[in-house]
Amino acid sequence: MATHKRTTRKSPRKSATRKTGTARRKTATRTTASNRWSQRVTRESDALDLKRGVFKLTSAKKIATSLKRSAEHSKRRKSGAYRSALSMLTFYINRAGKGLPQAQRARLERAKVELKHQFGRD
């Protein structure tokens with residue numbers, strides 16, 4: 001089998017951006033709902049059945065109460081109710097990343113503490 005030698009060309013666009021020092025932009029690709037695996041996990045996970053919009057509620061206590069109720073009534077969870085509720089809350093915080101507003105992140109962190117209290121795990 002013959003080996004082929006690859007030659008690479010430098011794109012004029014790349015060299016132009018290198019000279020000017022500007023960063024290259026990624027092209028905006030359209031992501032469909034089916035491609036957002038974290039959204040699918042939140043919706044179809046075996047951890048628990050969530051009420052729609054639970055992480056957007058206005059108070060940490062409401063978030064914790066909703067998660068607790070969902071975890072206790074879910075027939076799809078594989079572990080205990082507390083563990084499932086806390087793992088889903090942590091998953092949401094981690095997947096939101098730096099894009100999560102500071103106020104909402106603080107509310108979700110307070111919801112973790114409230115969830116602990118509601119399950120009697122002080």
Side-chain angles (χ1 to χ4, degrees):
M1 185 166 179
T3 58
H4 295 281
K5 188 175 184 181
R6 278 192 176 173
T7 58
T8 58
R9 288 186 182 171
K10 290 186 180 178
S11 163
R13 186 174 185 176
K14 285 183 182 177
S15 60
T17 55
R18 226 179 270 141
K19 287 178 186 174
T20 59
T22 59
R24 286 179 48 195
R25 280 193 175 173
K26 291 183 180 180
T27 58
T29 57
R30 194 169 183 184
T31 307
T32 60
S34 64
N35 291 338
R36 294 184 187 142
W37 68 269
S38 58
Q39 182 181 23
R40 192 181 73 245
V41 167
T42 306
R43 190 178 58 243
E44 300 172 4
S45 171
D46 284 335
L48 60 141
D49 298 314
L50 290 175
K51 182 178 132 186
R52 194 170 189 153
V54 65
F55 299 115
K56 306 240 186 260
L57 294 173
T58 55
S59 79
K61 190 169 186 171
K62 286 180 184 178
I63 294 170
T65 304
S66 179
L67 282 170
K68 182 179 181 195
R69 186 177 334 122
S70 295
E72 288 174 339
H73 291 94
S74 177
K75 294 184 179 11
R76 297 189 309 158
R77 63 181 166 86
K78 294 179 180 178
S79 62
Y82 173 70
R83 186 173 175 184
S84 292
L86 189 63
S87 69
M88 191 55 80
L89 182 56
T90 303
F91 172 79
Y92 183 82
I93 292 169
N94 290 342
R95 290 308 305 160
K98 292 179 183 176
L100 191 64
Q102 198 65 30
Q104 189 178 1
R105 178 179 298 275
R107 185 180 316 119
L108 293 172
E109 291 295 335
R110 286 192 313 271
K112 278 186 183 180
V113 175
E114 183 60 37
L115 195 62
K116 198 175 190 178
H117 289 304
Q118 287 187 9
F119 275 100
R121 306 234 177 167
D122 295 328

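With sequence neighbours excluded, the residues forming a side-chain contact (heavy atoms from CB on, under 4.5 Å) with Arg83 are Ser79, listed by chain and number. Annotation: side-chain contact (heavy atoms from CB on, under 4.5 Å) contacts of Thr65 (sequence neighbours excluded): Lys61, Arg69, Gln118.
Here ring-ring contact (aromatic ring centres under 6.0 Å, His included) pairs that include residues 103-122, with residues two or more places apart or in two chains, are Tyr82-Phe119. Residue pairs meeting the salt bridge (Lys or Arg N to Asp or Glu O under 4.0 Å) criterion with at least one member in residues 110-121, sequence neighbours excluded, are Glu109-Lys112.
Taking NZ of Lys56 as the reference point, atom CG of Leu108 lies at 9.0 Å (rounded to 0.5 Å). Between the NZ atom of Lys62 and the NZ atom of Lys51 there is a distance of 8.5 Å, given to the nearest 0.5 Å. Taking OG of Ser87 as the reference point, atom CG of Leu67 lies at 9.5 Å (rounded to 0.5 Å).
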Indicate every side-chain donor-acceptor pair of residues 96-105 with a distance under 3.5 Å to a residue at least two apart or in another chain.
residue, atom, partner, partner atom, Å
Gln104, NE2, Phe55, O, 3.2
Arg105, NH2, Gly97, O, 2.4

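Ala111 and Ile63 get closest at one heavy-atom pair: CB-CG2, 3.9 Å. Nearest approach of Arg107 to Leu57, heavy atoms of both residues: CD-O, 3.4 Å. Closest approach of Val54 to Ser66, counting heavy atoms only: CG2-OG, 3.2 Å. Smallest separation of non-hydrogen atoms from Ala81 and Ala71: O-CB, 3.4 Å.
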